[in-house]
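Only one structure is covered here, and it is reproduced in the block below.
These numbers were taken from a predicted model, which means no experiment stands behind them. In what follows, every heavy atom counts, from backbone to side chain, and hydrogens, waters and symmetry copies are set aside. Here is the naming used below: chain letters follow the sequence lines, and residue numbers restart at 1 for every chain.
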Amino acid sequence: MPSPIGLLAELTHRCPLGCPYCSNPLELVRAGGELDTKTWTRVLQEAADLGVLHVHLSGGEPLVRTDLAEIVNAAHIAGLYTNLITSAVGLTPQRLSELKGAGLDHVQISIQGVEPARADAIAHFKGGMKMKREAARLVVHEGLALTINAVMHRENIADLPQIIDLAQEWGAGRLEVAHVQYHGWALANRASLMPSREDFERAASVVDEAKTRLSGDLVIDHVIPDYYAERPKACMGGWGRQVIVIAPDGRALPCHAAASLPEMIFANVRSRSLSDIWREDDAFAKFRGTEWMPKPCRGCDRAEIDWGGCRCQAFALIGNAAATDPVCTLSPDHAIISAAIAKDEAAPSAPYRFRRIGG
Amino acid sequence: MTDDAKPRLAPGVRLHADGTKLLGPERILELDEIAQAIVREFDGTKRVSEIATSLAKEFNERESIIRADVDALVKDLASKGYLKL
């Protein structure tokens, strides 16, 4: 059995922002249901013992947890590489220096655009862009590594060249250009978020040109949108192969969207060790490897490259989590993707359904 | 590569405690034994010429051969964002 290499620690679902493509599930965990510091400390040590190298401290907005520095420190003591994934709202000089002292390795700040009023409108949070700029300056000033994460969709895709310039201007070492993937909140807003294929292809050439031009200065990772791909991604590197997600309430998931799958019961780290869950839990075993695969995945020469794609996408679009990801052009259900593109790429933009608890 | 270049790991990049891989944001780079020995020297104070001299002694190998390995590794790691010069 492979060892996991990454742990996505969703410390909370609370977040000041309301991005309409949030990767959290539609049904959010409330503050009272969150794991405590002591449990996180144990889980992080168990993760390191299991072979995990990176912990991604995410949410929601992890800064709303007042014990964040303690959690960072527990991960650091366990030998994990600590990555803070943040909106930067609340990243004051004092908190940043506390986190650095606790052993934080890296900060990833999301941006929603370039022009502040428009970016703030997408994040549904006034003044956010200004806070992000200031936080980025502090991160670089502290000598910490900075990644800018820009989620791309219809409303900001034309601004990509300026987003690349901004990442450089802010002193980022890395830029993640991540196109919206249509799960949860993003699926609910798909008709307003999906760019045209032409706009996507233009963005792809902007990225290719910038990668060459900025080689050695800025690392650019490009996460292409599933709908415009011919083959699916290896979701989470393959189900139960590389990553464990811990939801705020302690459920251990093979993917951050897995809670959307019905009839699946997920183990909780409150009552079981991470190693026991990884090795023995039925939910992790269910779609691990190639045994579960239907045709055309079964026997496909890409079966161990993309591992059948995304189970949650298969369920969300065709109602069967054990089907080939319909993104694949070989899937018997692929017409559903072509139809979605035909319907949504030119659909008029409606007001967003912003992400909120109780939403 | 000039003799005076002093490579150091980029911000956010560090050697894993077991010494066999570099960890960076969202990335892991497994190092072979030669690369492990070279990367350990990248502390931002040592010049590539000094690194080649000392590793040539340690491995009892011609300095020009080690230097070629060091230069190739520096170039590769810098282009991938793991090193700063």
Side-chain angles (χ1 to χ4, degrees), chain A residues 3-6 8 48 51-58 75-85 100 103-109 139-149 167 171-178 211-223 236-237 242-243, chain B residues 1-49 51-52 67-85:
Chain A
S3 276
I5 54 174
L8 178 62
V52 168
L53 300 168
H54 285 90
V55 59
H56 308 282
L57 301 160
S58 178
H76 179 70
I77 288 170
L80 297 167
Y81 184 101
T82 53
N83 176 20
L84 176 66
I85 298 180
K100 190 188 174 191
L104 186 63
D105 286 301
H106 175 261
V107 180
Q108 173 175 315
I109 296 178
V139 168
V140 173
H141 180 75
E142 283 280 2
L144 281 164
L146 174 68
T147 288
I148 296 296
N149 168 279
R174 181 168 166 272
L175 170 67
E176 233 179 60
V177 177
K211 274 187 176 176
T212 314
R213 177 168 50 92
L214 302 172
S215 165
D217 284 330
L218 182 68
V219 175
I220 305 179
D221 286 333
H222 191 206
V223 183
M236 310 305 277
Q242 297 192 346
V243 181
Chain B
M1 188 72 46
T2 67
D3 288 354
D4 291 338
K6 294 176 180 171
R8 64 185 162 80
L9 297 181
V13 176
R14 65 178 172 81
L15 201 56
H16 183 55
D18 71 8
T20 67
K21 43 196 160 290
L22 284 175
L23 301 179
E26 305 277 351
R27 53 194 65 205
I28 298 162
L29 187 72
E30 299 277 354
L31 303 168
D32 63 23
E33 277 182 46
I34 295 169
Q36 289 172 29
I38 299 173
V39 165
R40 278 199 295 270
E41 305 294 319
F42 292 158
D43 62 3
T45 71
K46 293 188 194 122
R47 291 197 287 261
V48 288
S49 56
I51 293 172
R67 178 61 189 272
D69 283 344
V70 172
D71 285 6
L73 186 67
V74 168
K75 206 176 150 203
D76 182 42
L77 293 181
S79 74
K80 290 176 181 155
Y82 285 99
L83 275 191
K84 292 283 176 200
L85 292 170

Report summary line: Scored by heavy-atom pairs under 4.5 Å with chain A, the best of B:Gly12, B:Gly81, B:Ala10 is B:Gly12
**Report entry** Residue among A:Gly173, A:Ala145, A:Ser215 with most heavy-atom pairs under 4.5 Å to chain B
**Finding:** A:Ala145
Requested in this report: Would you mind checking which part of A:Asp105 comes under 4.5 Å of any heavy atom in chain B, side chain (CB onward), backbone (N, CA, C, O), both or neither?
Outcome: both
**Report entry** residues 16-26 of chain B: residues contacting chain A (heavy atom under 4.5 Å, by number)
**Finding:** B:His16, B:Lys21, B:Leu23, B:Gly24, B:Pro25, B:Glu26
**Report entry** Interchain contact, A:Leu80 with chain B, by part (heavy-atom threshold 4.5 Å)
**Finding:** backbone
Query raised in the report: Got a sec: does the NZ of B:Lys46 have more than 12 other heavy atoms crowding it under 6.0 Å?
Result: yes
Query raised in the report: Side chain, backbone, both or neither: which part of B:Lys80 has a heavy atom under 4.5 Å from chain A?
Result: backbone
Query - Contacting moiety of A:Ile5, where chain B heavy atoms sit under 4.5 Å - result: side chain
Report summary line: Between B:Arg27 and A:Asp221, the two heavy atoms sitting closest are NH2-OD2, 2.8 Å
Report task. Name, in order of residue number, those residues of residues 70-79 of chain B that have a heavy atom at a distance of less than 4.5 Å from a heavy atom in chain A; otherwise write 'none'. Result -> B:Ala78, B:Ser79
Query - chain B interface, residue from A:His106, A:Glu176, A:His54 that has the most non-hydrogen pairs under 4.5 Å - result: A:His54
Requested in this report: Answer yes or no: are there more than 12 heavy-atom neighbours, outside B:Ile34 itself, under 6.0 Å from its atom CD1?
Outcome: no
